[in-house]
Asker: 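Supplied in structure tokens, the structure appears directly below.
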Amino acid sequence: MSTSSPAIDPTVLATVVVALDGPSGSGKSSTARGVASRLGLRYLDTGAQFRAITWWMLQHEVDVHDAAAVAARADEAVLASGTDPQAPTITVDGTDVATAIRQADVTGAVSPVSAVPEVRARLLADQRALIGEGGIVVEGRDIGSVVAPDAQVKVYLTADPAARAVRRAAEEGGSDVEATRASLLSRDTIDSGRATAPLTMPDGAVHIDTTDFTLDEVIDQVVALVGAVEAPA
Ligand SMILES: Nc1ncnc2c1ncn2[C@@H]1O[C@H](COP(=O)(O)OP(=O)(O)OP(=O)(O)O)[C@@H](O)[C@H]1O
Ligand SMILES: Nc1ccn([C@H]2C[C@H](O)[C@@H](COP(=O)(O)O)O2)c(=O)n1
């Protein structure tokens, strides 16, 4: 395990935006938190924001497959995202939803809710406000393409579906690997096929296939990319 990182210019660290995109279960959250912790940067999990809106829709009995119904209420939930990579938080209307948003009901509903343009538009504004002047690692599906197209570091993470399913099933304490694989691929299909801000490899992104790398090796590679960023003039 790496314990040190090359010295990086403090002005780079204060301003850098690291955009991490990729399909479900490719390692975005773990890598983003590891990089941010290593470099003292903030961390934003945009997937958690989409999950939080979805949780709110389910709580309010909005039909998540009715895009007009979701759109009509897209602005109502009040979200707050804590950006400490060692203890990220997410609340909706003041309620801690960190655990609830990882449950199967939210996972099964989040992709259709995320495809609604009004949902994306309100979260885009929230995300850009949180990014501010930078000093942050942001992960999701459209970070390098839409949310922060000028990010100094863009990474597109992938891993074989089989590896992703095994990792996620282990994380969930031994879920059925084949069912987990099907769930991941189903979300990939919707997330890649939607009209607004689909999952795509952004222009200028470095592609890292994590299948044969440990998490620490992937973090090392992203930290090295930050180390190569030129200080602002
Ligand atoms: N390089 C790696 N080697 C082995 N396991 C990994 C690696 N990267 C991530 N993992 C593990 O894979 C699982 C999924 O990782 P993670 O949650 O970071 O993916 P994700 O892309 O953020 O997923 P999602 O899109 O569903 O939020 C976790 O259990 C994590 O510890
Ligand atoms: N920038 C983003 C982040 C997430 N989503 C959607 C699509 C995902 O299936 C869902 C949950 O994300 P996860 O927690 O699995 O990373 O949220 C998106 O559309 N755009």
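Indexing begins at 1, ligand by ligand and atom by atom, following the structure's order.
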Asker: Assess Gly25 for proximity to ligand 1: is some non-hydrogen atom of it under 4.0 Å away?
Answerer: yes
Asker: Please examine the side chains of Leu130 and Ser81, heavy atoms only from C-beta on, and report whether any two atoms are closer than 4.5 Å.
Answerer: yes
Asker: Under a 4.0 angstrom heavy-atom cut-off, which atoms of ligand 1 come close to Arg168?
Answerer: 14 (C), 16 (P), 17 (O), 19 (O), 23 (O), 24 (P), 26 (O)
Asker: Of all the atoms in ligand 1, which lie at a distance below 4.0 Å from a heavy atom belonging to Leu215?
Answerer: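 Per the distance check, 1 (N), 2 (C), 3 (N), 8 (N).
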Asker: Please work out which of Glu171, Arg33, Glu172, Glu139 has its closest non-hydrogen atom nearest to atom 13 (C) of ligand 1.
Answerer: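 When every heavy atom of Glu171, Arg33, Glu172, Glu139 is considered, Glu171 comes closest to atom 13 (C) of ligand 1.
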Asker: Would you confirm whether Arg120, through its side chain, and Ser114, through its main-chain N or O, come within 3.5 Å as a donor-acceptor pair?
Answerer: yes
Asker: Can you sort out the partners of His60 under ring pair (Phe, Tyr, Trp, His ring centres under 6.0 Å), two or more places apart, ordered by chain and number?
Answerer: Trp56
Asker: Output every pair passing side chain to side chain donor-acceptor pair (under 3.5 Å) with a member in residues 154-171, not counting sequence neighbours, ordered by first then second residue.
Answerer: Thr158-His207, Arg164-Asp188, Arg167-Thr210, Arg168-Glu171
Asker: May I ask you to decide if Ala179's main-chain N or O and Asp176's side chain share a donor-acceptor pair within less than 3.5 Å?
Answerer: yes
Asker: Under a 3.5 Å threshold, yes or no: a donor from one side chain and an acceptor from the other, between Asp96 and Thr91?
Answerer: no
Asker: Which atom pairs, nitrogen or oxygen on both sides, join ligand 2 and the protein at under 3.5 angstrom?
Answerer:
unit_1   : atom_1 : unit_2 : atom_2 : d
ligand 2 : 1 (N)  : Thr46  : OG1    : 3.0
ligand 2 : 1 (N)  : Arg141 : N      : 3.1
ligand 2 : 1 (N)  : Asp142 : OD1    : 2.8
ligand 2 : 9 (O)  : Ser111 : OG     : 3.4
ligand 2 : 9 (O)  : Arg187 : NH1    : 3.0
ligand 2 : 9 (O)  : Asp191 : OD2    : 2.7
ligand 2 : 14 (O) : Arg51  : NE     : 2.7
ligand 2 : 15 (O) : Arg51  : NH2    : 3.3
ligand 2 : 15 (O) : Arg141 : NH2    : 3.2
ligand 2 : 15 (O) : Arg187 : NH1    : 2.6
ligand 2 : 16 (O) : Arg141 : NH1    : 2.9
ligand 2 : 19 (O) : Arg120 : NH1    : 2.8
ligand 2 : 19 (O) : Arg120 : NH2    : 3.4
ligand 2 : 19 (O) : Arg194 : NH1    : 2.8
ligand 2 : 19 (O) : Arg194 : NH2    : 3.0
ligand 2 : 20 (N) : Arg120 : NH2    : 3.0

Asker: If we ignore angles and hydrogens, is there a donor and acceptor under 3.5 Å between the side chains of Glu139 and Ser29?
Answerer: yes
Asker: Out of curiosity, is Ser24 lining ligand 1, as in a heavy atom under 4.0 Å away?
Answerer: yes
Asker: How close does the nearest protein non-hydrogen atom get to atom 31 (O) of ligand 1, and which residue and atom is it?
Answerer: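 For atom 31 (O) of ligand 1, the nearest protein heavy atom comes out as Ser30 OG, 3.8 Å.
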Asker: May I ask you to list the atoms of ligand 1 that are less than 4.0 angstrom from any heavy atom of Val218?
Answerer: 1 (N)
Asker: Quick one: do the Thr107 and Arg51 side chains pair a donor with an acceptor below 3.5 Å?
Answerer: yes
Asker: Any donor-acceptor pair under 3.5 Å linking the side chain of Gln221 with the backbone of Val218?
Answerer: no
Asker: Run the contact test for Arg141 against ligand 1 with a 4.0 Å cut-off on heavy atoms, strictly below, and give the result.
Answerer: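 So Arg141 counts as touching ligand 1.
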Asker: What do we get for Thr214 next to ligand 1 when only non-hydrogen atoms under 4.0 Å count, side chain, backbone, both or neither?
Answerer: backbone
Asker: Could you go through Arg141 and Asp21, starting from their C-alpha distance and side-chain angles, then the distance that decides it, and tell me whether this counts as salt bridge (charged side-chain N to carboxylate O under 4.0 Å, His left out)?
Answerer: CA-CA 5 Å; Arg141 304 294 190 290; Asp21 290 298; over 6 Å; no
Asker: Looking at residues at least two apart in the chain, or sitting in another chain, which of them share a side-chain hydrogen bond (donor to acceptor under 3.5 Å, both in side chains) with Ser175?
Answerer: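 Expected list: Glu172.
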Asker: Mark the output for Arg187 as yes if a heavy-atom distance to ligand 1 is under 4.0 Å, and as no if none is.
Answerer: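 Yes.
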